[in-house]
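Throughout, a chain's letter reflects where its sequence line sits, starting with A, and its residues are numbered from 1. When reading the values below, keep in mind they use all heavy atoms of this one structure, side chains included, and skip hydrogens, waters and symmetry mates.
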Amino acid sequence: MKPIWYFVGLILFLMGLILVVSGISLLSSGETHKTVLGHTYPDLWWGSFMTLSGLIFILVNRTKTV
Amino acid sequence: MEQIGLSLADWLIIIVYFFFIIGIGFYLKRFTKSEEDFFLAGRKNSSWVAGLAFLSANLGALELLGMTGNTFKYGMYVAHFYWIGAIPAMLFLGIYMMPFYYSSKIKSVPGYLKLRFDEKTRVLNGIAFGLMTLLVSGINLYAMALVLHTFVGWNWDISMWISALTVAAYVTLSGLLSAIFTEIIQFFLIWFGLFLVSILGLLEIGSVNEILSRVTELYQNVSYTTLWSSSTDPNLNGMVISWAGIVLGLGFVLSFGYWTTDFLVVQRAFSAKDLHAARMTPVLASFFKMAVPFIVIFAGLIAIILANDPQSGFQLLKDGNQVNYDSALPMLIKRYYPAGLIGLGITALLAGFMAGQAGNVSAFNTVWTYDIYKSVINKKASDAHLLWMGRAATIVGILISVATAYWAKSFPSIMDYMQAIFSWVNAPLFATMLLGMFVWWITPNGAFWGLIAGMLSSFTLFLAQKFNWFDNTVLTLSDTASDMAINFWRAWWAWLICFVLTIFISFFTKKKPKEELTGLVKGLTIESKDLNISVYRKPEFWAVISLIILVLLNIYFW
């Protein structure tokens, strides 16, 4: 059985990727979010952080079984 | 209010979550072959897995919304729920109680009562726990549907049924194992999905010191930013409570009652692979528990500042003239989260609600199967039959939860009784367990009648307060008290009544022979020591580190 940490990595990676793609598409259109602090593109930097964290979990646990 | 609109990215994140957890249920089914796999996740978990699940079973969305709202209402005193109101009890469970729980190889907390006392005490606690669990599960479901309906505009019935059926599917497929997997995923989603609220709030307001000083300026006569320095007089703090109420009611009875006897959380430690991992489970969880205020307390304080600044345009919702404190966190999400992140925030709340429900249902199916069905109805049931019964109990438990949720919808005030429900069942049970584990001459009849008296007194005190049978000052020993303070004091009195009566009745009733209590009571048990492991791997070492951090946090926010 794959360890739980592998699945944690997968879901963080997938969700982070969706946020990054969504943030990049808005950035490339030249618009900003209308929320408070939206001009800092929190989806982009937080999504990148999630993607990276997920990737680390996946790589560390990709061959492990419990 | 204007509802939060969802973009494609938001929907994608929510859909990914649902597919993911259903997929995990199917993936884990192939590893769920025996009744021990289903009810105790095969007793194979590491202390990290069991520890995060132990914490996550308690970290539901209702708690996150409620505690952020309570911070808005009462100020920083809410941090007591996470620090003195949790850490000492978690460490006590790991260091002193877990050896008796784990070594006796019981499958549930009522199972311990059967071994230590007798069948009637086990069934009494099993029934009380089962009712409490389903009631809380239903209220959780109702709260989830209410939040989604209010903030996102989702249909009440559809959102409730979809989440209930999803939980039913994955818990029925693989029992506690899938409940634990989804709880750990929920733990990460809550941190990634909600901690950003505090980060963005900090960026907007400036710094932690700026937050504390601005809240202090807002409340000149009552402290909203300290923990202890304003506890000598209830009139000096937002929770209107004295240090005695915090220490005795919350820090001792409610906290120990919940963290050391509530099977919902303790079941996660039972799933650990060995005694060392089981003892480490609550000790590891204590570090993460101490960190939760950095989401809820910060968010609550940020909401206070913004709501009192007319320029900010931030307001909590109102139900008529009543401020809806629980709306603080969703309103902050709405303020800060753009498209995509909104989906992540909603998914974090959904995960919290659903994992909370899965936790309740998986604890219910175990207690029903072992402590009521096998104990009273079918004593000769085979393992295969018990596995089938566990799955059936999951589906029935979910259906009863849904019925409870509809009941809650017609009587919304039962939401307010959540804390009260815990004090009816857990507060007196802690007295029974404490005496049972540490005093060998406590008798089965003493435990049974003491527990009944404790539960009845807690319920009677609740009615007395609700219908003004006597002045609350009798209960709280002070001129004034908030509802929360009354909850703390009621728990204390219920515990004390159970404690005293159990001892008193034990003087006159038949004791169990000492040889039957080996492995169940301190002093009659040879406790195995972790002699062959280094100091830094011992639970005691990490418990001391945890206590030091607890003390430092309390001094910093004194």
Side-chain angles (χ1 to χ4, degrees), chain A, chain B residues 7-17 19-21 23-24 27-28 30-31 42 44-46 48-49 52-53 177 180-189 191-193 195-196 199-201 203-204 273 306 312-314 332-344 347-348 351:
Chain A
M1 178 168 63
K2 282 276 181 201
I4 173 65
W5 315 116
Y6 181 79
F7 296 99
V8 168
L10 267 182
I11 199 164
L12 292 183
F13 180 79
L14 280 174
M15 289 183 172
L17 209 59
I18 294 169
L19 288 175
V20 170
V21 171
S22 162
I24 287 175
S25 70
L26 192 80
L27 187 67
S28 58
S29 70
E31 292 178 42
T32 54
H33 295 296
K34 302 207 169 33
T35 50
V36 173
L37 295 172
H39 60 279
T40 66
Y41 292 93
D43 48 351
L44 206 52
W45 52 264
W46 193 251
S48 306
F49 174 54
M50 272 182 85
T51 309
L52 190 65
S53 306
L55 204 57
I56 292 170
F57 272 103
I58 292 172
L59 291 177
V60 169
N61 294 287
R62 71 186 187 284
T63 54
K64 290 184 183 170
T65 52
V66 289
Chain B
S7 68
L8 178 65
D10 298 317
W11 279 110
L12 272 177
I13 286 178
I14 294 166
I15 290 167
V16 162
Y17 172 72
F19 272 97
F20 206 83
I21 56 169
I24 280 183
Y27 173 73
L28 295 177
R30 74 182 82 162
F31 305 103
K44 290 174 195 154
N45 286 325
S46 69
W48 279 98
V49 172
L52 287 190
L177 193 58
I180 286 179
F181 263 56
T182 51
E183 279 161 6
I184 291 177
I185 286 170
Q186 165 224 352
F187 174 85
F188 283 92
L189 288 181
W191 276 98
F192 277 97
F195 186 47
L196 186 60
I199 294 175
L200 292 171
L203 285 174
E204 185 184 6
K273 62 186 174 189
L306 294 175
S312 74
F314 179 85
L332 286 170
I333 289 176
K334 189 182 176 200
R335 178 181 182 83
Y336 291 126
Y337 280 16
L341 280 173
I342 286 274
L344 183 64
T347 304

Side-chain contact test, heavy atoms from C-beta onward, threshold under 4.5 Å: evaluate it for Phe192(B) versus Met15(A) and give yes or no. no

Side chain from CB out, backbone as N, CA, C, O: work out which of these in Leu177(B) comes under 4.5 Å of a heavy atom of chain A, or both, or neither. side chain

Part of Tyr336(B) lying under 4.5 Å from any heavy atom of chain A: both

Residues in residues 6-14 of chain A near chain B [non-hydrogen atoms, under 4.5 Å]: Phe7(A), Val8(A), Leu10(A), Ile11(A), Leu12(A), Leu14(A)

Sort by residue number and list every member of residues 21-28 of chain A having a non-hydrogen atom under 4.5 Å from chain B. Ser22(A)

All heavy atoms of Phe181(B) vs all of Lys2(A), minimum pair found to be CZ-O, 4.1 Å

Looking at residues at least two apart in the chain, or sitting in another chain, which of them share a side chain to side chain donor-acceptor pair (under 3.5 Å) with Tyr17(B)? none

Over 12 non-hydrogen atoms of neighbours within 6.0 angstrom of CH2 in Trp191(B): yes

Less than 4.5 Å to any heavy atom of chain B: does that hold for the side chain of Lys34(A), its backbone, both, or neither? neither

Could you tell me which portion of Leu341(B) (side chain, backbone, both or neither) has an atom closer than 4.5 angstrom to a non-hydrogen atom of chain A? both

Using a cut-off of under 4.5 Å on heavy-atom pairs, state which of Gly340(B), Pro338(B), Gly23(B) scores highest against chain A. Pro338(B)

Evaluate side-chain contact (heavy atoms from CB on, under 4.5 Å) for Tyr27(B) paired with Met1(A), printing each intermediate quantity in order. CA-CA 9 Å; Tyr27(B) 173 73; Met1(A) 178 168 63; 4.1 Å; yes

Side chain, backbone, both or neither of Leu8(B) within contact of chain A (heavy atoms, under 4.5 Å): neither

Cut-off 4.5 Å, heavy atoms of chain A, and the answer for Thr347(B) is side chain

Looking at CZ of Phe188(B) and CZ of Phe57(A), how far apart are the two atoms once the value is rounded to the nearest 0.5 Å? 4.0 Å

Please report the shortest heavy-atom distance between Thr35(A) and Arg335(B), naming the atom on each side. CB-O, 3.4 Å

Sort Ile24(B) into side chain, backbone, both or neither according to what part of it lies under 4.5 angstrom from a heavy atom of chain A. side chain

Chain B contacts: which residues in residues 36-52 of chain A have a non-hydrogen atom closer than 4.5 Å to it? Val36(A), Leu37(A), Pro42(A), Asp43(A), Trp45(A), Trp46(A), Phe49(A), Met50(A)

Using a cut-off of under 4.5 Å for heavy-atom pairs, which of Leu19(A), Ile18(A), Ile4(A) has the most such pairs with chain B? Ile4(A)

